[in-house]
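Let me begin by presenting the structure, written as structure tokens, before commenting on it.
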Amino acid sequence: MRHLLLAAVAALALGACGQQTNEAPIAPPAVVEMSPDAANIVAAVADARRPAADRERDANRRPAEMLAFAQIEPGDRVADIFPGGGYFTRLFAVAVGDEGRVYPTIRPDGVAGEYETPVLAVAAEYPNAIMARTPYDALAYPEPLDVVFTAQNYHDMALTAYALGDRAAMNAAAFAALKPGGLYVIVDHSAVDGSPVATDAETTTHRIDQATVRREVEAAGFVFDGESDVLRNPADARTTSVFDPAIRGRTDQFVMRFRKPE
């Protein structure tokens, strides 16, 4: 639906330009953002199957705003990359409805154990959640996707001891997996601007520079489509580990959305 609406608006704008040859060109229409109060999003957050631990994290993770920013609509096909305990998998499964599909994505061997395999039980609770067992840098799905989403994981791709795969290859695979006009949404812990990408798992703060992520994703062919400041925390100096009790769960985080060109 989002693609039909955008196409219609664009066609109208082009038509108007053609009728006003003596006037300045009309600017492209702005993207219309979804509301966190959309019925499918409200239903997702209110889902009775969500455990208490997830609900307790809502104040910091802002699920309604995240789903709205990712433009999750009924009928969508959504990939949830490295979904951990399935926090967003549950939300997506309800938000896309019975006609939609969610693909919680972990590697075939799931060697990260407690960080990858808990989502298997979560997916079993939702008939429209279909496990995808695929390398992160060679993502593969049985159908084209509307949204590829990953939260708090992009920085881990760089850690050599984790051997999660190549970031550039993952971005290229996400691009290939999406429909034209599809969205790639990345949420991660902010590092100090200009910081080099950490590769040592022993010393990392589990953060990454936002500008680096944007540059890498755009190199795969994506177009930057916007960002949200809903997870920003100016009180976080962005220098300590995200697991530091003084800041855990309240880190400064960037939220970016990229679009695959039509």
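All heavy atoms count here, side chains included; hydrogens, waters and symmetry mates do not.
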Going by an N to O cut-off under 4.0 Å, is there a salt bridge joining [X] and [Y]?
X	Y	answer
Asp236	Arg250	no
Glu125	Arg49	no
Arg167	Asp137	no
Arg232	Asp252	yes
Glu227	Arg257	no

Would you please indicate yes or no on a ring centroid separation below 6.0 angstrom for Phe175 and Phe258?
->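 No: the rings miss the under 6.0 Å criterion.
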His206 and His189 aromatic centres sub-6.0 Å =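 No.
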If we ignore hydrogens and angles and just use 3.5 Å, is the side chain of [X] paired with the main-chain N or O of [Y] as donor and acceptor?
X	Y	value
Thr105	Tyr103	yes
Asn40	Ile72	yes
Asp188	His155	yes
Ser195	Val192	yes
Asn153	Ala151	yes
Arg133	Pro108	yes
Asp54	Pro51	no
Arg259	Leu183	no
Thr150	Tyr154	no
Glu116	Arg107	yes

Check step by step if salt bridge (Lys or Arg N to Asp or Glu O under 4.0 Å) holds for Asp146 and Lys179.
-> CA-CA 6 Å; Asp146 296 285; Lys179 300 174 182 177; 3.2 Å; yes
same_hphob_cluster([X], [Y]) at 4.5 Å side-chain heavy-atom cutoff:
X	Y	value
Phe92	Val42	no
Val217	Tyr136	yes
Leu120	Phe82	yes
Val213	Leu139	yes
Val111	Tyr115	no

Could you check Ile208 against Phe254 for side chain to side chain contact (heavy atoms under 4.5 Å, CB included), going step by step and ending with a plain yes or no?
-> CA-CA 10 Å; Ile208 193 166; Phe254 60 80; 3.8 Å; yes
Sequence-distant partners of Val230, side-chain contact (heavy atoms from CB on, under 4.5 Å), two or more places apart =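 side-chain contact (heavy atoms from CB on, under 4.5 Å) list for Val230, sorted by chain: Arg62, Glu65, Met66, Ser228.
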Does a sphere of radius 6.0 Å around CD in Glu99 hold more than 12 heavy atoms from other residues, nucleotides or ligands, not counting ones at 6.0 Å or beyond?
->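 No, not enclosed.
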More than 12 heavy atoms from other groups under 6.0 Å of CG on Asn233 |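 Enclosed.
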For the atom pair CG (Asp76) and CD (Gln71), what is the distance rounded to the nearest 0.5 Å?
->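 The CD atom of Gln71 is 9.5 Å from CG of Asp76, to the nearest 0.5 Å.
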With a cut-off of under 6.0 Å to the ring centre and 45° to the axis, is Arg50 in cation-pi contact with Tyr87?
->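 Pair Arg50/Tyr87 counts as cation-pi.
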Does NZ or CZ of Arg77 fall inside the cone over Tyr141's six-membered ring, less than 6.0 Å from its centre and within 45° of the axis?
->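 Cation-pi check for Arg77 and Tyr141: fails.
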Which ILVMFWY residues are connected to Phe243, directly or by a chain of links, through side-chain heavy atoms under 4.5 Å apart?
->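 Besides Phe243, the hydrophobic cluster comprises Val242, listed by chain and residue number.
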With sequence neighbours left out, what residues match Tyr184 under side chain to side chain donor-acceptor pair (under 3.5 Å)?
->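 Only Asn171 meet the side chain to side chain donor-acceptor pair (under 3.5 Å) criterion with Tyr184.
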